[in-house]
There are 2 protein chains.
Amino acid sequence: MFRLLLALAALGVAAQMPAPSNVRAARFPQVFEDRRVTFQIKAPTAQSVAVMPGGGRNGLGVGPFAMTKDEAGVWSVTVGPAAPGFHYYWLLVDGVPVNDPASETYFGWARQSSGIEIPDPDGAFFAAADVPHGDVHIHWYRSRVTGQMRRAMVYTPAAYRTRRDTRFPVLYLQHGSGENETSWTNQGRANWILDNLLAANRAVPMLVVMDQGYGTRPGSSGPRGNEDFGAVMIEDLVPEVDRTYRTLATPDHRALAGLSMGGGQALSIGLAHPGIFRWIGSFSGAGARNFDIATAYNGRFADAAEFRKQFRLLWIGCGQGDALYPASKSMHEKLDAQKIPHVWLDTPGLHDWNVWRRHLQDFAPRLFRP
Amino acid sequence: MFRLLLALAALGVAAQMPAPSNVRAARFPQVFEDRRVTFQIKAPTAQSVAVMPGGGRNGLGVGPFAMTKDEAGVWSVTVGPAAPGFHYYWLLVDGVPVNDPASETYFGWARQSSGIEIPDPDGAFFAAADVPHGDVHIHWYRSRVTGQMRRAMVYTPAAYRTRRDTRFPVLYLQHGSGENETSWTNQGRANWILDNLLAANRAVPMLVVMDQGYGTRPGSSGPRGNEDFGAVMIEDLVPEVDRTYRTLATPDHRALAGLSMGGGQALSIGLAHPGIFRWIGSFSGAGARNFDIATAYNGRFADAAEFRKQFRLLWIGCGQGDALYPASKSMHEKLDAQKIPHVWLDTPGLHDWNVWRRHLQDFAPRLFRP
């Protein structure tokens, strides 16, 4: 579809097409070849309707964007050009934030939120290509920590089906605040990023386990709801995965990474458990705030030689347009000064999925190498 | 949670609890022990807000239900008692249909729609119990018929992981009009229904493949969008599943069933392909309309002896409160008169998921028996 649009653009035709994130048969939102976007909704009884980028500003621009009504009660507005990739948004119907019925929903902002996928000319790495595809398993399990059923998403590479006596390493990969276990596949396209890396022989075949980064013990009154997620991961999730799938169940074959809140969790849980994880990644991670190299993570960075023995990879990245960028860069500099080996990825970008897709693309190929 | 509520009810406490279908940490909608439901949304700038049951009337009652606003701009209304089980609904904000941000969304009505799960005292059969759980695979594949990537959901029973050299029969299970490949697990709980049946030794371990019941060839201008779904199933999906999973790839080990539009598809595709499927089920099926026993399905019922040779099971069911009930019952009577062996399940119920969960519960144990 996007190739068609590029071809039409080359012919000088003002082509537009339904966004790939539209629900089946919805004509709008439509994306122009220059990445302007037209949103449309029929709402004859509304007094005002606007498009609001997630958080008020993101790759769609700075909202709200007031829509105008035609005589049939159809409201529309054209915004942009938008940045390529995935952006959350919602509609304001008489000031009330609601989803656009024409778009798919994605769990974010602590609710099902509308999202739009703007075709990305550099997005082949996360596209569904004609390569062998792994599976994403919706895996339900009972947590002894919380007493509840939990749902994890488990990516198994295509090789998991064909090499039936082989065991595989595991990357545990966490979402950000207000998102959930579906976000890395729905918003992040983690499965297709791995499929493409594996088809190009650029990564070691691995499982990717994506759980919900929240969990509290019964009766807990923690305000964030994620106080006991570390216990869920160590006591429930890792044993469940090793029991259920053909894994290489050693710390050399387990990685832990996450984005934003999940990056903070990767650092706090991962650095506390070198006997479980030896490869750690923090994507635009919340853990960079107020970072004191001497005391952070129970002094894990106090002794560089000891750190080298315990961990195989520490990976940190942040977009330059992210509010967390100064803290992340400062963390990197302190780690450098302390001679803690790590990878620091310093790229353009906001605090959004377009950065995190690229973080995974950079991080995954480094894992589980000798 | 529901047990707690029942216990409190026994003590005479007017207990209420967040619906199980709420997003994480959302307090409303709340369900009372008598199944009244309170909906709530903060919308200080709206002039009117109402709750609308899916389609205008369903197990929640006949809407719209006008909400009233308090001084903080929070609108609320208490409705019911509601029927147990799953019901679609939406909010009308100044007359515009939108989702409730506090509830999960479920693909139905050709969009992501809010749904509410009212605890069902007879719902143990579809609850997540302490039994071995199978996996649901999100399986992407390329369709040669449509030229596009498609997503199927594939349930593999727990035994698929433990009995690694065993091959399994397959039930293909289709959703209704305006729904999609996620509906049988999200709305229908098909995976938990199978888990529970298998744990009780009440069904033969089987895979369940749930695809999207839409598909058109490139350039097709069919109005419904499902014109070529039969070709997708026969030419793309069945071979893909047999290539990918450990299946018993014979017609004796393949069943095809669906609900509403999917029931019509099960009859039209299944009855046309006895060389592929020999077990057929139509749940509240659209195929019952204008049923002429002599000519329907290319005369498949004209010769009862021939039919007996070709098919192992024909299953038909419909709720007595369903608009399709008279047609379904009439179809059953014509099949009886023609001596076509079949199962007819005649129960109370509407055209909704609470009936279809029970249809699957009755249908699946009959499959793949000698």
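Labels below follow one simple rule: chain letters A, B, ... track the order of the sequence lines, proteins then strands, and each chain is numbered from 1. Atom set for the values below is all heavy atoms of this structure, side chains included, hydrogens, waters and symmetry mates excluded.
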Engineer: Begin with the C-alpha distance, continue with both residues' side-chain angles, and end with the deciding distance and a verdict on side chain to side chain contact (heavy atoms under 4.5 Å, CB included) for A:Arg161 and A:Thr156.
Structural biologist: CA-CA 8 Å; A:Arg161 286 200 304 259; A:Thr156 53; 5.8 Å; no

Engineer: So what's closer than 4.5 Å to chain B heavy atoms on A:Asn191: side chain, backbone, both or neither?
Structural biologist: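 Side chain only.
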
Engineer: Given heavy-atom pairs under 4.5 angstrom as the criterion, report whether the side chain, backbone, both or neither of A:Arg246 touches chain B.
Structural biologist: side chain

Engineer: Does any backbone or side-chain atom of A:Phe107 lie under 4.5 Å from a heavy atom of chain B? Answer side chain, backbone, both or neither.
Structural biologist: side chain

Engineer: Decide whether A:Thr247 and A:Asp242 meet the rule of one side-chain donor and one side-chain acceptor closer than 3.5 Å.
Structural biologist: yes

Engineer: Less than 4.5 Å to any heavy atom of chain B: does that hold for the side chain of A:Trp192, its backbone, both, or neither?
Structural biologist: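 For A:Trp192, the side chain is the part near chain B, not the backbone.
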
Engineer: When heavy-atom pairs shorter than 4.5 Å are enumerated against chain B, which of A:Asn22, A:Asn99, A:Thr244 gives the highest number?
Structural biologist: A:Thr244

Engineer: Could you tell me which non-hydrogen atom of A:Ser103 sits nearest to which non-hydrogen atom of A:Ser114, and how far apart they are?
Structural biologist: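 Nearest heavy atoms, A:Ser103 then A:Ser114: CB-CB, 4.4 Å.
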
Engineer: Name the residue from B:Tyr89, B:Trp184, B:Phe86, B:Trp90 that meets the ring pair (Phe, Tyr, Trp, His ring centres under 6.0 Å) definition with B:Tyr106.
Structural biologist: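 That would be B:Phe86.
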
Engineer: Determine the interplanar angle of the A:Trp109 and A:Tyr88 rings, folded into 0 to 90°, and report it as parallel if under 30°, tilted if 30 to 60°, perpendicular if over 60°.
Structural biologist: perpendicular

Engineer: What part of A:Tyr245 lies closer than 4.5 angstrom to a heavy atom of chain B: side chain, backbone, both or neither?
Structural biologist: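 Just its side chain gets close to chain B.
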
Engineer: Measuring heavy-atom distances to chain B, does A:His137 have an atom under 4.5 Å in its side chain, in its backbone, in both, or in neither?
Structural biologist: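 Both parts, backbone and side chain.
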
Engineer: Tell me which of these, A:Leu91, A:Leu92, A:Asp130, A:Val49, has more heavy-atom pairs under 4.5 Å with chain B than the rest.
Structural biologist: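 Result: the option with the highest number of such pairs is A:Asp130.
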
Engineer: Looking at A:Arg142, A:Arg111, A:Met149, A:His133, which one has more heavy-atom pairs under 4.5 Å with chain B than the rest?
Structural biologist: A:Arg142

Engineer: Considering only heavy atoms and a distance below 4.5 Å, find which of A:Val23, A:Val96, A:Val98, A:Asp135 pairs most often with chain B.
Structural biologist: A:Asp135

Engineer: Please look at A:Gln47 and chain B and tell me whether the side chain, the backbone, both or neither of the residue comes under 4.5 angstrom of a heavy atom of that chain.
Structural biologist: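 Neither part.
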
Engineer: Using a 3.5 Å distance criterion without hydrogens, assess whether the side chain of B:Ser113 forms a donor-acceptor pair with backbone atoms of B:Gly108.
Structural biologist: yes

Engineer: Between A:His139 and A:Glu240, is any side-chain donor less than 3.5 angstrom from a side-chain acceptor?
Structural biologist: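 Present: a donor and an acceptor within the cut-off.
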
Engineer: Count the heavy atoms belonging to other residues, nucleotides or ligands that lie under 6.0 Å from NZ of B:Lys42, then report whether that count exceeds 12.
Structural biologist: no

Engineer: Looking at A:Arg24, A:Met153, A:Gln112, which one has more heavy-atom pairs under 4.5 Å with chain B than the rest?
Structural biologist: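 Greatest number of close heavy-atom pairs with chain B: A:Arg24.
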
Engineer: Using a 3.5 Å distance criterion without hydrogens, assess whether the side chain of B:Arg150 forms a donor-acceptor pair with backbone atoms of B:Gln212.
Structural biologist: yes

Engineer: Which bit of B:Tyr214 comes within less than 4.5 Å of chain A, counting heavy atoms only: side chain, backbone, both or neither?
Structural biologist: side chain

Engineer: Given that the side chain runs from C-beta out, which part of A:Ala25 has a heavy atom under 4.5 Å from chain B: side chain, backbone, both or neither?
Structural biologist: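 Neither part, no heavy atoms under 4.5 Å.
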
